[in-house]
Amino acid sequence: MRNREVAQLLENIATLLEMKGENRFKIVAYEEAARRIESWPEPIEEVWKEGRLKEIPGVGESIASKIEEYLSTGKLSYLEELTKEIPPEVVHLTAIPGVGPKIAKLLYDQLGIKSIEDLEKAIAEQKLRHLPRLGVKSEEKIRKGIEMLKRQSGRMLLGQALPLVEEIIEVIQEKSGVTKISPAGSIRRMKETIGDIDILVASSTPESIMDIFTSLPQVREIIARGTTKSSIVTQEGIQVDLRVVEETSFGAALQYFTGSKAHNIKLREIALKKGFKVNEYGIFRLDNDKRVGGEKEEEIYETLGMEWIPPEMREDQGEIELAQEKKLPVLIEIGDLQGDLHAHSNWSDGVASIEEMAEAALSRGYKYLAICDHTQSLAVASGLSPEEIRERRKEIERWNKKGKGLRLLDGVEVNIMSDGSLDFPDSELEKLEVVVAGLHSGLGQGEEKILRRLEGAMKNKYVQVISHPTGRILNRRDAYQVNREKLFYLARETRTSLEINSQPERLDLSDVDARRARDLGVKLVISTDAHSPSSLDYIRYGVAQARRGWLRKEDVLNTFSLEKLLEFLNCKKKAK
DNA sequence: GCCGTTTTCGGCCCGACTGTTTTCAGTCG
């Protein structure tokens, strides 16, 4: 999958064009095409080979031919042309917060700066303050920007951001008594990683809110403080933006600041065509400038003749069109889940006993929990032998006899070996109720080999679920080389479910992959892979990912009742 | 450069904040 690579190329072109002072709309066109390609569900190589590049919205004649040139030759003459005037390294300077294309170009033209090192040197020599339109403060701002860039290793995980924002909101609420307060931006859309945190508050006394916000114990630095917007950096180096609006425009502001950008652009275009204007203060009629809504977010969508769209869907991936037809899917919710199909106990590398895990699942209202400890080849995780599994079974049965209303399922997370075989004999797998299979080693193998291994596992009639199917670790490790399309087709053919692993650093399958798999007829499972009772709560991240992938209750196996689940799990075994 | 239930030409989302400026450019979301 080279979508990200191609998108990056187009983004670089956009940045270079902006440096050159090209037509703004041309720049926007490249940015838009980059966004579209990055989130396109199919591999761009395939779309190109089938001559369908122009089916991607935002990709027209010109950009399609550039993608074609790049994919077929590995080169892009247009980009080479552009980088004759401005070296490609200069583009990287725009990664520094506060440095955009114009300043990057200025730094290069006037001081010959090409790298962050060059820039640091120039700042130390106080050279920036003498450049046109820059001064002492800009110099300092850029210095801090470099510091920030070096500190942050990519975007923070939703699993870090969400607890932080909930904590901050609780304090602001307590101290100010405001009732309308909400996360906005990518955190409200529950994206897997978050750049910075947005919070929106409705209040008629913004000064007092800003006082509370800027004096929170988490604050390390105040970047900006205005009457409607302030930004701080937390001790961990996370930027949090707070915006205060009047109560009457809270809904409009929430809609506006939740984004995504692409979603909002499309929405405002539709508004204009229908004779309305949408901004963060409300929705207005164009003819007489009369405000027709804005206190509630729903009013914006209703006025435009649409259903209210769940924040997780707001990426301009077709949700607006569905909302217009009033055909939005009913997305899955945490309450729909009847159980968790992948948890570990201290029989392998978990920290809690089977009973503790069972109690924790019971207190969360679950009807079943599959204990899927690692198997023998995974020695680092205390993988279990067939004998140990038989011993463990007694403990599981002991719990089930108590009849507490939570059924433990006897399971394993079996290891897929480098040749595609499993590290547990079929004769033992047959006795288990839930068999999850996953890759835990040899992740650097080539695409063909990885697919063969997964195929081997899926073709085993006892394997019901593939855990963390692409193996990615956010901010740390890319997914292993695997052709997603082929993987999904195989999963469907073999009636194997694929997991959405809820660990915040995994979230694997991703939103885009989960949606594609579902569309191809694969059943999904949302599991926590919990190694402790408290990590059963990671389920919220998995559900968020599923909602971002437009999954409905019926797409997810662990929304089934125990009876229906067991029936489904057994049907593959019986197939042949 | 893209796109079309008003258009194959003429549009293309909108505002806050900052800093360096005397009215605005750049960045960001």
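Naming: A, B, ... by sequence-line order, numbering from 1 per chain.
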Any base atoms under 4.0 Å from A:K266, or only sugar-phosphate, or nothing? Heavy atoms, all strands.
nothing

Write down the distance separating the C1' atoms in B:dG29 and B:dT23, rounded off to the nearest Å.
24 Å

Grab the CG-P distance between A:L16 and B:dG1 for me, whole Å please.
14 Å

Is B:dT8 paired to anything, Watson-Crick or G-U wobble with both distances less than 3.5 Å, and if yes, which nucleotide?
none

Pairs of donor and acceptor atoms involving the side chains of residues 272-290 of chain A, under 3.5 Å and at least two apart or interchain, shall be tabulated with distances.
{"from": "A:N279", "atom 1": "OD1", "to": "A:Y281", "atom 2": "N", "distance (Å)": "2.8"}
{"from": "A:N279", "atom 1": "OD1", "to": "A:G282", "atom 2": "N", "distance (Å)": "3.3"}
{"from": "A:R285", "atom 1": "NE", "to": "A:D287", "atom 2": "OD1", "distance (Å)": "3.1"}
{"from": "A:R285", "atom 1": "NH2", "to": "A:D287", "atom 2": "OD2", "distance (Å)": "2.7"}
{"from": "A:N288", "atom 1": "OD1", "to": "A:K290", "atom 2": "N", "distance (Å)": "3.0"}

Touch check for A:R129, heavy atoms < 4.0 angstrom, all strands: base, sugar-phosphate only, or nothing?
nothing

Quick one: A:I223 CD1 to B:dG19 P, roughly how many Å, whole number?
11 Å

If you count every heavy atom of other residues, nucleotides or ligands that lies below 6.0 Å from A:Y301 atom OH, does the total exceed 12?
yes

Anything under 3.5 Å between a donor and an acceptor, one on a side chain of residues 168-177 of chain A, the other on a protein residue two or more places apart or in another chain? List them.
{"from": "A:S176", "atom 1": "OG", "to": "A:I172", "atom 2": "O", "distance (Å)": "2.6"}
{"from": "A:S176", "atom 1": "OG", "to": "A:V178", "atom 2": "N", "distance (Å)": "3.2"}

What does the list of N/O pairs under 3.5 Å between the protein and nucleotides 25-29 of chain B look like, with a distance for each?
{"from": "B:dA25", "atom 1": "O4'", "to": "A:R133", "atom 2": "NH2", "distance (Å)": "3.4"}
{"from": "B:dT27", "atom 1": "OP1", "to": "A:G100", "atom 2": "N", "distance (Å)": "2.7"}
{"from": "B:dT27", "atom 1": "OP1", "to": "A:G100", "atom 2": "O", "distance (Å)": "3.1"}
{"from": "B:dT27", "atom 1": "OP1", "to": "A:I103", "atom 2": "N", "distance (Å)": "3.0"}
{"from": "B:dT27", "atom 1": "OP2", "to": "A:K102", "atom 2": "N", "distance (Å)": "3.4"}
{"from": "B:dC28", "atom 1": "OP1", "to": "A:G98", "atom 2": "N", "distance (Å)": "2.5"}
{"from": "B:dG29", "atom 1": "OP1", "to": "A:D196", "atom 2": "OD2", "distance (Å)": "3.0"}
{"from": "B:dG29", "atom 1": "N2", "to": "A:Y256", "atom 2": "OH", "distance (Å)": "2.9"}

Under 3.5 Å between N/O atoms: give me all the protein pairs with nucleotides 8-12 of chain B, atom names plus distance.
none

By the 4.0 Å heavy-atom rule, please label A:E280 as base, sugar-phosphate, or nothing.
sugar-phosphate

Take nucleotides 2-7 of chain B nucleotide by nucleotide from the 5' end and write B, S or -, depending on whether a protein heavy atom sits under 4.0 Å from the base, only from the sugar-phosphate, or from neither.
SS----

Whether the A:R225 and A:S230 side chains hold a donor-acceptor pair (N or O, under 3.5 Å, no angle test) is what I'd like checked.
no

Establish, with yes or no, whether the OP1 or OP2 oxygen of B:dC17 is under 4.0 angstrom from a side-chain nitrogen or oxygen of A:T228.
yes

Quick test of your reading: applying salt bridge (Lys or Arg N to Asp or Glu O under 4.0 Å), list the pairs with at least one residue in residues 256-267 of chain A, sequence neighbours left out, ordered by first then second residue.
A:K266-A:D316, A:K266-A:E321

